[in-house]
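Count residues from 1 along the sequence. Note: hydrogens, waters and symmetry copies are ignored here, and every other heavy atom, side chains too, is used. As the structure lists them, so they are numbered: ligands from 1, and atoms in each ligand from 1.
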Amino acid sequence: MRKIFLSIFSFVLAIHALAQTASVAHKVDSVIRLMTLEEKIGQLNQYSGDWAHTGPITPDGDKQNQIRRGQVGSMLNVIGVEHTRDLQQMAMQSRLKIPLLFAQDVIHGFRTTFPIPLAQACSWDMDLIERSERIAATEASASGIHWCFAPMVDIARDARWGRVMEGAGEDPYLGARIATARVKGFQGKGIGHTDAVMSCVKHFAAYGAAIGGRDYNSVDMSLQTLWQYYLPPFKAAVDAGVSSVMNAFNSLNGIPATGNAYLVKDVLKDTWKFRGIVVSDWGSVGGIATHGYAADDKEAALAAIEAGCDIDMESRCYKNNLASLVKEKKLSLQLIDNAVKAVLTKKFELGLFEDPYKFCDEKRENAQQNVAAHKATALQLAERSIVLLKNDLNILPVSKNVKTIAVIGPFVKAVKDNLGFWSMEWPDDSATIVTQWEGIRNKFSSDVNMLYAKGCNINDTDSSGFAEAIAVSSKADIVIMSIGEARDMSGEAKSRSNPVIPGVQEALVKNILATGKPVVVMINAGRPLLFGSIADKAHAILYTWWLGSQAGNAIAAVLTGDYNPSGKITMSFPRNAGQMPIYYNHLNTGHPAPNDSTLDYVSGYIDLPHSPRFPFGYGLSYTSFAYSDIKLSKTTVRPGEKLEVSVVVTNSGNYDGEETVQLYIRDMVASVVRPVKELKGFQKIFLKRGESGEVKFRITIEDLKFYNNQLQYVAEPGDFKLFIGTNSEEVKEASFKLVL
Ligand code: NOJ
């Protein structure tokens, strides 16, 4: 017995000595040589703790003793230095003392809550988005977290799907740029630094195309569509050095993504050479059997590990079946070793073998609470996420000299609804979240008479508060209304068949509009909602999404014009539920319907224009921007050449402001039908009123490539159109030719 103990002891000493010197690959191999099959499988087993439940709860099964026996490699939903240290101490009682990894869904901030990702995307501000993830990583890593399950980069064209809130919207180019910014933000100067976390891009792949917008539903699409639209943000994340990738819940063309060898093995690992960790989604290994692609958990485990899924999150299929699969010679030990290698490599790179408590520093944790600089970034990002959809008669910004303002609606004094889905819960939330009322009240001088009425709740049928809201509004010079979705109405498993403004809120707006007062409507939501009558009749509309802990201050800055809104939507806003999915970069048809024509035999609706209510890239400013004609450096482009493109943008209105100048192209004729427009570049330009600026873009052959019928990424010769403008519809146009 003593002998065994001594040899284990010397193993452990050997591991830790090795940790100081050899290369990571060498260290990993050395550890793997010491491991039993059970210990290896342990590294592939991930459990949830109790801090939050982000999936269907499974029986505890004595997790703590399993950790002590080396049967658990990582945990999610364990937060804070105190708790992560406790569990790490248990891991240090295991035979080989392999440290645990702690993962968490950090979707839009940790201690500091930023706007939801879809709102952030509307800023088109890569630096700011990266900075928000830098802050999230700094705060999370100080609380013992090594690994953030973000960014979510699923392309989303259907606002019925509740998870549109987590991504960047419908465009692959913008989605890829944002994916890169987020990965860089999370991973900072590289994992191993105490303020960096491993990033995890998800959900691989095509989860956003769930049929009918119903969460978890199957996906069926051509490989061309997959490569052209859905994969680019993942590829960008891999190129940016993302540490891990999460499988998706859906099946893709009949094969569950978690057991999909084409996706994980062929594309991700073999073609893209991804060497980090692939983690299943919650229970998605077991889900392979539920889908009907495997007879039972054992077959499901085999399908997943063979496809390349390294870690099983919460389904226990690996833990219960991998050993017998190896013993029965159905599974090669090599595949298990490969998966273990991926996990141990990251543990070494994080520095956890040298110091398992590297991220357990209470002082650092305490210092990351309520950091003023983090709040300032949250405010900046929240201001830039707000989209001005309408401003009839320029009723915004509200003059600071108005005498009486009525602020009406269930969001005015709401606290946590400002945070939205996938936000962390902290005991001091009510003290740190700036409500809309507080923000607005603080912004106007105390001479302004500020009135309030709630009017109604978010989602019920009670209209008993209308009378008071009407009476209050009647006394005001201007009415500001704040309505929308409660924080849990968009998010995972929050699909809505008809995502209208819930409850009686739209009726409340109608009643207030009937007072004849100028009415500004602010819509708080996790997705593009349907709000037809408001879109037609309200005098001004601000889409405020869920803006996070600085919501009140950001809204007040925009209402008063201290910040001139610059956000541009990154999902097309539909007119009604029947239009979904709707997206600007669609293919042409043989029966196009130009200008929303409803003529016979065109691809439109007889009861509705087919264009969106608000197009991709749309968003107003308090000022206006005029675009010159497009200048091209040449009209014929050959391989190796660059096409220089420029426009002059003039701030032709009365306020200083920022514009996001967007560039789209169209390949007029190709061997497969090409989209009517594709975003290929954008630039933000700040112009003082009256000022002009030249905006330049450079197009190369890379920007003209697409996946042909054989899935080759090629450019084909011929005519191209190029568009530059303020959104995907209002553009200037030019043409050029590609000669090969
Ligand atoms: C399920 C979600 O799909 C995924 O995004 C998340 O990371 C896991 N649950 C863990 O909470």
Side-chain angles (χ1 to χ4, degrees), residues 45-58 72-79 101-110 116-118 133 136-137 140 145-156 161-168 179 182-183 186 197-210 213-219 233-234 237 242-252 256-258 276-288 290-291 304 309-317 420-425 488 490-495 526:
N45 184 31
Q46 180 174 99
Y47 286 148
S48 176
D50 294 326
W51 189 81
H53 293 289
T54 53
I57 301 157
T58 36
V72 183
S74 50
M75 302 276 297
L76 74 151
N77 291 329
V78 181
I79 299 278
L101 283 177
F102 294 102
Q104 191 61 34
D105 291 299
V106 177
I107 309 298
H108 50 118
F110 188 74
I116 56 166
L118 182 59
E133 300 301 23
I145 304 302
H146 310 130
W147 185 8
C148 291
F149 287 153
M152 185 277 218
V153 303
D154 296 309
I155 295 296
W161 189 48
R163 298 197 78 168
V164 303
M165 57 141 302
E166 278 174 69
R182 293 197 188 283
V183 171
F186 279 122
V197 292
M198 296 201 295
S199 169
C200 178
V201 68
K202 66 190 188 183
H203 307 84
F204 199 62
Y207 182 37
R214 189 157 52 80
D215 205 3
Y216 316 121
N217 205 4
S218 33
V219 173
F234 288 98
V242 74
S243 294
S244 69
V245 176
M246 187 183 290
N247 301 123
F249 284 123
N250 54 286
S251 63
L252 175 66
T258 307
I277 299 173
V278 176
V279 59
S280 80
D281 202 342
W282 184 299
S284 71
V285 175
I288 295 174
T290 321
H291 275 286
C309 168
D310 302 316
I311 292 183
D312 171 6
M313 182 201 300
E314 269 293 347
S315 90
R316 291 156 168 76
C317 291
F421 206 85
W422 287 121
S423 45
M424 315 289 293
E425 297 268 352
D488 60 354
S490 284
E492 185 178 348
K494 304 292 181 230
S495 295

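Under the 3.5 Å distance criterion, the side-chain polar atoms of E314 are matched with a main-chain donor or acceptor of S48. For the pair D310 (side chain) and I277 (backbone), a donor-acceptor distance under 3.5 Å is absent. Listed for the S280 side chain is a donor-acceptor partner under 3.5 Å among the backbone atoms of M313.
For ligand 1, the protein residues within 4.0 angstrom (heavy atoms only) are T54, L76, D105, F149, R163, K202, H203, M246, F249, D281, W282, M313, E492.
Nearest heavy atom pair, residue N250 against residue V219, reads ND2-CG2, 3.6 Å.
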- Message: Could you walk me through whether I79 and Q104 satisfy the side-chain contact (heavy atoms from CB on, under 4.5 Å) test, starting with their C-alpha distance in whole Å, then the side-chain angles of each, then the deciding distance to 0.1 Å, before giving a yes or no?
- Response: CA-CA 8 Å; I79 299 278; Q104 191 61 34; 3.5 Å; yes

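Between F249 and H203, the ring planes are parallel. Angles under 30° get that label, and only those over 60° would be called perpendicular.
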